[in-house]
Amino acid sequence: MSSRAKPRRLITAVAATITGLALIAGCGGSRVASSASETAAQSDAGGSSTGTTAAAGDTAAVPAAGDTAAAPATAGNAAAAPAAGLNAAGAPAAVANTAAAPVVGSKTGSGVKAVAKPAKGGTAAVASDSSSSKVAASGAAAELAKQPIFGGSTAACKPATGTPINLGNVSTLSGVLGELFSPVVPALQIFVASQNACGGLNGHPIKLFVADDQGDPATAVTVGRKMISQNKILAFVGNIQVLTIDGMASVIKDTGIPIIGGDLTNNTWFTNPLLFPQGSPPQAISYGYHQAAADIFHKKKLGNVYCLEVPQACTQINKAFQELAQGFGDQVVYTQQISITSPDYTPQCIQAKNAGVEVMMITNDAPTQSRWGNSCAKVGYHPDYVMYPLGVGNEHQFLGNATLGNSYVPMNHFPWMAGTKQFPGSPAMDYYQRSVAKYNPGYNAGGAASLGWAAGALLVAASSQIDANPTTSEFLNALYEFKGQKYTTLGGLAPALTFNKGGTPQVPYCLFGAQSNAQNTGWARVDSTMKCTDTLAPSDPQVKNKGH
C-alpha cells in the first residue's frame with residue numbers, strides 16, 4: 001500500500017460511520033446542478049483517440065482524461081422527441097429510497113423464495129445494511145455517497161490524474177444484431193469522459209478499448225484474449241454478448257479477468273463468479289410480462305413469441321413466463337418460437353388470434369417486433385403488446401411503427417429517457433442526462449445504452465479499493481463485499497446486488513418500465529422507480545445457488 005493510500009484508508013475508516021449512516025438515511029449528496037458547465041473541465045493528459053469501434057481482432061481506445069469524447073450525433077440521428085404524456089412514476093424518490101419502491105405482488109421476508117406465486121400485499125425488497133460493517137470500514141459507502149454518478153454533487157469534480165486504468169469492452173456490434181446493441185459504445189464513451197472529468201476510478205483515468213465480436217464466439221475469444229495480453233486490461237465492462245458470452249466464459253476462467261456489467265440476457269450471467277451483473281436476471285423480465293398484463297392492460301389471456309436464434313436466453317425467459325402464470329391468475333394460451341429472419345408472421349398471428357391472446361409478449365429484437373405488428377394488423381388482429389427490453393436496445397429501431405402503439409416495456413435496466421423535465425428520475429438519472437447533453441447529445445440511445453452506463457456505475461462502485469498501482473484483485477475484493485447494502489443499488493440505477501467469492505450472484509427481481517404513446521412515436525409513460533419482488537421463478541438458477 002502506498003504512503004498516500006494509508007492516510008486515506010484511516011480517514012475513510014473513521015468517517016465511514018458518519019457518512020455511511022448518511023448514505024443509509026438517504027443523504028446521497030445534493031442534486032446535480034442544472035447547468036452542465038458546472039462539471040469541471042478535463043485536463044489534457046493522454047493522447048488523442050478516434051473513439052470509433054474496432055473491427056474484429058482490433059481494438060479502439062476510448063480517450064482517457066483530457067481527450068475528447070465521440071462527436072455528437074448528426075441532426076439526422078437526433079432522438080425522436082417524446083410525445084406529451086403522463087409520467088406515472090411521479091416525482092423522483094430520494095436516492096437512498098429508490099430501492100425501496102413499492103412492490104407489486106411480493107411479500108416481506110428473508111432470503112430467496114423459489115415460488116411461482118407472488119405473495120399478496122407486500123412491501124419493498126429493501127436493501128439491508130446489516131452486513132455493511134466490513135464495507136463501511138473500507139470507506140466504500142462514504143466515498144460512494146459523494147460520487148456524481150450516484151447522484152452526488154459535481155462541485156468537487158476534478159480530472160483524474162493517476163495512473164490510467166485500461167478496461168475492455170467486447171460486444172456484438174455488427175451483423176443482424178449489431179445495430180440493436182450499438183448504443184452501448186457511445187454510452188460507455190460518455191461514461192468515460194464524464195467519469196474522467198470527476199476523478200476517474202479513485203483518482204485514475206479510464207482508458208477503454210472496444211472490439212466487435214461479430215456475434216461469433218470464436219472471434220469473441222480472440223479479441224478478448226488480445227485485449228488482455230496486448231492492452232493489459234484489468235477488467236471488461238458492459239459487454240453486450242447475447243450470442244457469445246459462453247465463449248468469453250473460457251477467457252475469464254483462464255485469465256481471472258472479470259466482466260463488470262453486461263447484457264443480463266441469460267443464466268450464464270448468474271452462474272459465474274467472475275461475471276458481475278448490474279441488473280436483475282432474465283426471469284425478472286418474465287415476471288414483468290405478467291406484471292404489465294395485470295397492472296397496465298388488466299387482461300388475463302397472454303401469449304409470447306420468442307426468438308429462435310438466441311435459444312438459451314429466449315427459452316429461459318419463456319419457461320419462466322409459463323411458470324409464473326399461476327401466481328398472477330392469468331393464462332398463457334399461446335407460445336411460439338419465431339425466427340428474426342422471417343419477413344412475415346401472418347400464420348402465427350392468426351394462430352394467436354384464434355387462441356384468444358389479449359396481451360402478446362414479443363421476446364425478440366425491434367425489427368422483428370415491427371414485422372410482427374404489421375403482420376397481425378393485416379389480419380385485423382390488434383392485441384396489446386409487451387416488449388422484451390433489450391429488443392428496444394436501440395429505440396430508433398422500435399419507435400415509429402404505429403401498429404405497436406401503447407406497447408409497454410418492463411426493464412431490468414434504468415429507463416434511458418428518465419431524468420429529463422418530462423420524465424423525472426433520481427439524481428443519478430439526472431446526472432446521466434447531463435452527461436449525455438455535455439458529451440454526445442442526440443445519440444441513438446436505448447436499452448443497450450442503459451446497460452452500458454449502469455455497468456460503468458458498477459465499475460465505479462467496484463473501484464473503492466483501487467490504490468496507486470491498480471490491480472484486478474482490487475476490483476474483485478470490492479465486488480465481493482457487495483451484500484445488498486444501500487450503495488450496491490448504484491444510486492437507484494440497479495437492484496441491491498450481492499456477489500459471492502467462489503459463488504454466484506444473488507439479485508432480486510426489480511424492474512423499471514416505459515410505455516410508448518398511441519402512435520408509437522415517443523414515450524407516454526416512464527416508470528423511473530424500481531418495483532421489486534422476492535418472488536423467483538422455479539427455473540431461476542438463484543434458487544439452486546442460494547448462498548453459494
> Between L458 and F482, is a side chain to side chain contact (heavy atoms under 4.5 Å, CB included) present by the stated rule, with each step listed?
Replying inline: CA-CA 11 Å; L458 178 56; F482 280 45; 3.5 Å; yes

Between L173 and V184, does the side chain to side chain contact (heavy atoms under 4.5 Å, CB included) criterion hold? Intermediate values first, please.
CA-CA 9 Å; L173 302 172; V184 70; 4.2 Å; yes

Would I296 and R525 satisfy side chain to side chain contact (heavy atoms under 4.5 Å, CB included), going step by step from the backbone distance to the final call? CA-CA 11 Å; I296 304 298; R525 168 193 181 125; 3.5 Å; yes

Requested in this report: For F150 and Y431, run ring-ring contact (aromatic ring centres under 6.0 Å, His included): C-alpha distance rounded to whole Å, both residues' side-chain angles, the deciding distance at 0.1 Å, then the answer.
Outcome: CA-CA 8 Å; F150 305 124; Y431 180 72; 9.5 Å; no

Side chain to side chain contact (heavy atoms under 4.5 Å, CB included) assessment of T335 paired with V305:
CA-CA 6 Å; T335 64; V305 287; over 6 Å; no

Exercise for the section: Take F512 and H413, measure what ring-ring contact (aromatic ring centres under 6.0 Å, His included) needs, and give me the verdict at the end. Expected result: CA-CA 7 Å; F512 303 95; H413 50 70; 8.1 Å; no

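Between the side chain of Q331 and the backbone N or O of K300, no donor-acceptor pair lies under 3.5 Å. No donor-acceptor pair under 3.5 Å is formed between the side chain of H382 and the backbone N or O of T403. Of the possible polar contacts, one joining the N239 side chain to the V170 backbone as a donor-acceptor pair under 3.5 Å is found. A donor-acceptor pair is defined here as one N or O able to donate and one able to accept, closer than 3.5 Å; such a pair exists between the side chain of Q316 and the backbone of N267. In this structure, Q278 contributes its side chain and G262 its backbone to a donor-acceptor pair below 3.5 Å.
Within the 4.5 Å cutoff, side-chain heavy atoms of E358 are placed close to those of K301. Counting heavy atoms from C-beta on, the side chains of L404 and M387 come closer than 4.5 Å. Within the 4.5 Å cutoff, no side-chain heavy atoms of F181 are placed close to those of L451. Put simply, the side chain of F191 reaches to within 4.5 Å of the side chain of V460, judged on heavy atoms. Residues L493 and M429 meet the side-chain proximity criterion, which asks for heavy atoms closer than 4.5 Å. Looking only at side-chain heavy atoms (C-beta outward), E323 and S539 come within less than 4.5 Å of each other. Between Y443 and I190 the shortest side-chain heavy-atom distance falls below 4.5 Å. S182 has its side chain out of reach of N444: every pair of non-hydrogen atoms, C-beta onward, lies at least 4.5 Å apart.
Expressed to the nearest 0.5 Å, how far OH of Y345 lies from CD of Q369 amounts to 10.5 Å. Taking CD1 from I338 and SG from C307, the interatomic distance works out to 8.5 Å, rounded to the nearest 0.5 Å. For the atom pair CG of N412 and CD of Q283, the computed distance is 10.5 Å after rounding to the nearest 0.5 Å. In this structure, the separation between CG on L243 and CD on Q214 is 12.5 Å, given to the nearest 0.5 Å. Here the CZ atom belonging to F236 is positioned 10.5 Å from the OG atom belonging to S171, to the nearest 0.5 angstrom.
The salt bridge (charged side-chain N to carboxylate O under 4.0 Å, His left out) pairs that include a residue from residues 452-462 number zero, where partners must be two or more places apart or lie in different chains. Residue pairs that meet the side chain to side chain donor-acceptor pair (under 3.5 Å) test with at least one member in residues 302-313, sequence neighbours left out, are T268-Q312, N304-N318, N304-T363, E309-S339.
Of all heavy-atom pairs between A187 and A449, the closest is CB-O, 3.4 Å. Heavy atoms only, all atoms of each residue included: K378 and D344 are closest at NZ-OD1, 2.9 Å. Residues A292 and Y408 share a closest heavy-atom pair of CB-CD2, 3.6 Å. Nearest heavy atom pair, residue S286 against residue A320, reads OG-CB, 3.4 Å.
Side-chain contact of Y334 with Q351: a donor-acceptor pair under 3.5 Å is present, judged by distance alone. With hydrogens and angles left out, the side-chain atoms of Q515 and D527 include no donor and acceptor closer than 3.5 Å. At a cut-off of 3.5 Å, with distance as the only test, a side-chain donor of Q241 or D213 sits close to an acceptor on the other residue. For the 3.5 Å distance criterion, the side chains of Y289 and D330 fail to qualify, holding no donor opposite an acceptor.
Proximity of the aromatic rings of Y432 and F414 is defined here by a centroid distance below 6.0 angstrom, and this criterion is met.
Within a 6.0 Å radius of CD in Q348, more than 12 heavy atoms belonging to other residues, nucleotides or ligands are found.
Looking at residues two or more places apart in sequence or on another chain, you find no ring-ring contact (aromatic ring centres under 6.0 Å, His included) involving Y509.
Just one residue in the list S153, P427, C157 forms a side chain to side chain contact (heavy atoms under 4.5 Å, CB included) with P148, and that residue is C157.
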